[in-house]
Q: 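Next up is a structure, given as structure tokens.
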Amino acid sequence: MSQQPCVRTAEGLVEGRRRYGHAVFRGIPYAQAPVGALRFAAPVPLRPWDGIRQAAQFGPPPPQSVPQAGPPAGSSPAGTDWLTLNVCTPDPGAAGLPVLVWIPGGAYVAADSSDPMYDPAEPASAGLVVVSINYRVGAEGFALLDGAPPNRGFLDQIAALEWVQRNIAAFGGDPGRVTVAGQSAGAGSIAALLTMEPARGLFRRAVTHSVPGWHCTRALAEQAAAALADRLGTAPTAAALSGVDPWRLAGELTALSAGLPGRRESWGRLAQAGIAMCPVVDGEVLSETPWPALAGGRASGTELLVGHTRDEFRLFSVMTGRLGTFTDEDARTALELFAPAPDGAAAYRAAHPRASAEELLETVYSDALFRMPSLQLAEANAAAGGTSFLFELRLGSTAMGGVMGACHSLDVPLAFGTLDSPTGKGLLGDRPTPEALAVSQELQQAWIRFATTGAPGWAAYRPGERLTRVLEGESKTMPYPEESSRRIWEGLVPAPFDLV
């Protein structure tokens, strides 16, 4: 008899592995592989299997559209079972444990649940059942194609959450105590799920770090799909693109994104953002962006933990090699495209009269792309009857002499306690400072308390007080720290990217 943990799901038996005292199951499919006749289709339910299915290895990542991501065109590494999830449970024989479902991010064009940064050992040690999922990204998940449902990546996430409702009790979890969590595009996905009728009842609480304000109108999404198909000499239809190797299609999307600056006159903010595919407000799967849906009472609020970093855009300044090179013209472009019309550019200059061009650019990009969408989600959720808790990460990265600041993604290894992962070491060094260890411990405990009780350990964000937890060496709860930006954006919500 096997000594490895074995669990019976609704679809069949799965055998995992013991790891750090936990039962870990990897690569469990939650829908059929979306290839062949199922390519670009909504996720199709699994067929039950006989015998024991091994769940020792992560499932293959969906095709990724980022530089140097994935293999050469023409190959599909490790198979095409992209719709899989992983479960780490402290005790599969338990009952009623709180559940955390992690939706990884990556600008809606990349996401891989096997990243060591997402290692679930620490939250599982605190008594959570941790699930992480893979879902279709890039063209597979978000290209608007004739003959295919839009926003297939969101449909995959819903299918994974339905699997959790069917099966998590067998792993010791409580299907009535599910918290979804994500950062960047993962957080944007959760913001969308908050407003989608098919997702209602699939989770109780939500954690969203660095919510992006990235959505496309149908008109722009159609042009982006047509431009991608043109690169391949075919039509922007599911039937035509089904014959293109998935990793080749992902590579062409990477190339299309690299050439976006040349399309700024027609594609505007999408071209400047540098990613050619993102969720589309299609009127079918996603009827509107999350902020007006919540604030207007067309979606119910929930218990929400939401936050952002102080220096969101710094990561991208460094990754593109532009840090220290931004000009007055670059700042003017940023203000023209991303400051709220009609007076936002003047308001930013008035609020930051001594700022350099680079400081002004980073402020408006940080606000428009992540900080204000995060703040406004907290406000909209409260308006919809939910309870919102807000934080800002002010602890800075120690990488590269500290130039990264409190950058985008720094909060993820802190929250998972994975400071020894490649990303954790890259941002915080081989020997994290006492301040980093303290912030990591506080953020971990905030997640655990929130998933367990609905309160992270500080006061809720409410109009008037606007109390926010500022995470640094000596954390404190204070009025929202980016008040000048809040005032500039007050009463406004992120509009979908559209044709100029």
Q: For the backbone of Val500 and the side chain of Arg269, can you confirm whether one donor and one acceptor N or O come within less than 3.5 Å of each other?
A: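 No.
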Q: Counting distance only, does the side-chain N/O of Ser397 pair as donor-acceptor with the main-chain N or O of Ala399 below 3.5 Å?
A: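 Yes; judged by distance alone, with no hydrogens or angles, the pair exists.
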Q: Compare all side-chain heavy atoms of Leu145 with those of Arg152 and state whether any distance is below 4.5 angstrom.
A: yes
Q: Could you report the tightest heavy-atom contact between Ala250 and Ser65, atom names first, then the distance?
A: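 Looking at all heavy atoms of both residues, the closest pair is O-OG, 3.0 Å.
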Q: Indicate whether any N or O donor in one side chain lies under 3.5 Å from an N or O acceptor in the other, for Trp267 and Gln223.
A: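 Present: a donor and an acceptor within the cut-off.
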Q: Does the ring centre of Phe313 sit less than 6.0 Å away from the ring centre of His408?
A: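 No, the ring centres sit 6.0 Å or more apart.
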Q: Is a side-chain donor-acceptor pair under 3.5 Å present for Gln54 with Arg17?
A: yes
Q: Assess whether atom CD of Gln445 is packed by more than 12 heavy atoms of other residues, nucleotides or ligands within 6.0 Å.
A: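 For Gln445, atom CD is crowded (more than 12 foreign heavy atoms under 6.0 Å).
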Q: Would you say the side-chain atoms of Thr254 pair up with the backbone N or O of Val66, donor to acceptor, closer than 3.5 Å?
A: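 Yes.
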Q: Please confirm whether the backbone N or O of Thr363 pairs with a side-chain atom of Ser366, one donor and one acceptor, at under 3.5 Å?
A: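 Not at all, since once roles are kept as given, no pair shorter than 3.5 Å links the two residues.
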Q: Are Cys407 and Leu427 side-chain neighbours, meaning at least one heavy-atom pair lies under 4.5 Å?
A: yes
Q: Please confirm whether the backbone N or O of Phe370 pairs with a side-chain atom of Ser374, one donor and one acceptor, at under 3.5 Å?
A: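 It does hold such a pair.
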Q: If you measure only the distance, is there a donor-acceptor pair under 3.5 Å linking the side chains of Ser125 and His22?
A: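 The answer is yes; a qualifying pair exists.
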Q: Taking the side chain from Asn381 and the backbone from Thr302, do they hold a donor-acceptor pair closer than 3.5 Å?
A: yes
Q: For a 4.5 angstrom cut-off between non-hydrogen side-chain atoms, does Val129 reach Thr89?
A: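 They are in side-chain contact.
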Q: Considering non-hydrogen atoms only, spot the tightest contact between Ser184 and Pro212 and give its length.
A: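 Result for this residue pair: O-CD, 3.0 Å.
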Q: Checking side-chain polar atoms at under 3.5 Å, does Glu379 have a donor or acceptor matched by the opposite partner on Tyr461?
A: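 There is such a pair (donor and acceptor under 3.5 Å, judged by atom type) between the side chains of Glu379 and Tyr461.
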Q: Once rounded to the nearest 0.5 Å, what's the spacing between atom OG1 of Thr84 and atom OH of Tyr135?
A: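 OH of Tyr135 is found 13.0 Å from OG1 of Thr84.
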Q: Could you tell me whether the side chain of Pro236 reaches within less than 4.5 Å of the side chain of Glu222, counting heavy atoms only?
A: no
Q: Taking only Lys NZ, Arg NE, NH1 and NH2, and the carboxylate oxygens of Asp or Glu, determine whether Arg166 and Glu11 approach each other closer than 4.0 Å.
A: yes
Q: Do any N or O atoms from the side chain of Glu442 and from the backbone of Leu471 form a donor-acceptor pair under 3.5 angstrom?
A: no
Q: When you compare the side chain of Val101 with that of Val178, does any pair of heavy atoms fall below 4.5 Å?
A: yes
Q: Would you mind reporting whether Pro29 and Leu83 have side-chain heavy atoms less than 4.5 Å apart?
A: no
Q: Would you mind checking if Arg314 and Glu312 are paired as a salt bridge, meaning a charged N to carboxylate O distance below 4.0 Å?
A: no
Q: For Phe391 and His209, I'd like to know if the aromatic rings sit close, meaning centre-to-centre distance below 6.0 Å.
A: yes
Q: Can you tell me how far apart CD (Glu140) and CG (Asp156) are? Round to the nearest 0.5 Å.
A: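 The CD atom of Glu140 sits 10.5 Å away from the CG atom of Asp156.
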Q: Report the distance from atom OG1 of Thr80 to atom CH2 of Trp82, rounding to the nearest 0.5 Å.
A: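 Those atoms lie 6.5 Å apart.
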Q: So Trp291 and His215, would you call those rings parallel, tilted or perpendicular, with 30° and 60° as cut-offs?
A: perpendicular
Q: In terms of side-chain heavy atoms, does Ser440 have a donor or acceptor partner in Gln444 at a distance below 3.5 Å?
A: yes
Q: Going by an N to O cut-off under 4.0 Å, is there a salt bridge joining Arg53 and Asp81?
A: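 A salt bridge links Arg53 with Asp81.
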Q: For the residue pair Asp367 and Ser485, confirm or rule out a side-chain donor-acceptor distance under 3.5 Å.
A: yes
Q: Identify all side-chain donor-acceptor contacts of residues 190-203 below 3.5 Å with residues at least two apart in sequence or on another chain.
A:
{"unit_1": "Thr195", "atom_1": "OG1", "unit_2": "Ala192", "atom_2": "O", "d": "2.9"}
{"unit_1": "Glu197", "atom_1": "OE1", "unit_2": "Arg200", "atom_2": "NH1", "d": "3.1"}

Q: Sub-3.5 Å donor-acceptor pair from the side chain of Arg394 to the main-chain atoms of Arg310, do we have one?
A: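 No; zero donor-acceptor contacts below 3.5 Å.
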Q: How many angstroms lie between atom CG of Leu428 and atom CG of Asp420, to the nearest 0.5 angstrom?
A: 11.0 Å
Q: Quick one: which residue pairs count as a salt bridge (Lys or Arg N to Asp or Glu O under 4.0 Å) with a foot in residues 276-290, not counting sequence neighbours?
A: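 Sorted result for residues 276-290: Glu288-Arg298.
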Q: Would you call Arg19 and Asp119 a salt bridge, using N to O less than 4.0 angstrom?
A: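 Between Asp119 and Arg19 there is a salt bridge, with a charged N closer than 4.0 Å to a carboxylate O.
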Q: Dump the intermediate steps for side-chain contact (heavy atoms from CB on, under 4.5 Å) on Arg231 and Leu253, then the final yes or no.
A: CA-CA 9 Å; Arg231 296 184 61 87; Leu253 179 57; over 6 Å; no
Q: Using the ring of each side chain (for Trp, its six-membered ring), is Phe154 parallel, tilted or perpendicular to Tyr108, with breaks at 30° and 60°?
A: perpendicular
Q: Taking all non-hydrogen atoms of both residues into account, name the closest pair between Gly405 and Leu410 and its distance.
A: O-CD2, 4.0 Å
Q: Are Leu337 and Arg264 side-chain neighbours, meaning at least one heavy-atom pair lies under 4.5 Å?
A: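 Answer yes - side chains close enough.
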Q: Just by distance, with hydrogens left out, do Gln157 and Ser189 show a side-chain donor and acceptor under 3.5 Å apart?
A: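 Yes, side-chain donor-acceptor contact under 3.5 Å.
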Q: Do Thr325 and Arg322 have a side chain donor and acceptor closer than 3.5 Å?
A: yes
Q: As an exercise, state the distance from CZ of Phe326 to CG of Leu360, rounded to the nearest 0.5 Å.
A: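 Between atom CZ of Phe326 and atom CG of Leu360 there are 12.0 Å.
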Q: Would you confirm whether Asn151, through its side chain, and Val280, through its main-chain N or O, come within 3.5 Å as a donor-acceptor pair?
A: yes
Q: Answer yes if the ring centres of Trp102 and Phe416 are under 6.0 angstrom apart, and no otherwise.
A: yes
Q: Tell me if the aromatic rings of Phe316 and Tyr365 count as close, with their centers under 6.0 Å from one another.
A: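 Between Tyr365 and Phe316, which both carry aromatic rings, the centre distance is not below 6.0 Å.
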Q: Determine, step by step, whether Val131 and Ile168 satisfy the side-chain contact (heavy atoms from CB on, under 4.5 Å) criterion, reporting the C-alpha distance in whole Å, the side-chain angles of both residues, the deciding distance to 0.1 Å, and the verdict.
A: CA-CA 9 Å; Val131 180; Ile168 207 63; 3.7 Å; yes
Q: Which distance, rounded to the nearest 0.5 Å, do you find between the OG of Ser317 and the CD of Glu358?
A: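 Between Ser317 OG and Glu358 CD, I get 6.0 Å after rounding to 0.5 Å.
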Q: Using side-chain heavy atoms (C-beta onward) and a distance below 4.5 Å, is Leu393 in contact with Leu414?
A: yes
Q: Output yes when a side-chain donor or acceptor of Thr418 lies under 3.5 Å from a complementary backbone atom of Ser421, and no otherwise.
A: no
Q: Quick one, Leu323 with Glu362, criterion side-chain contact (heavy atoms from CB on, under 4.5 Å). Give me CA distance, side-chain angles, the key distance, then yes/no.
A: CA-CA 10 Å; Leu323 186 68; Glu362 286 199 344; 3.8 Å; yes
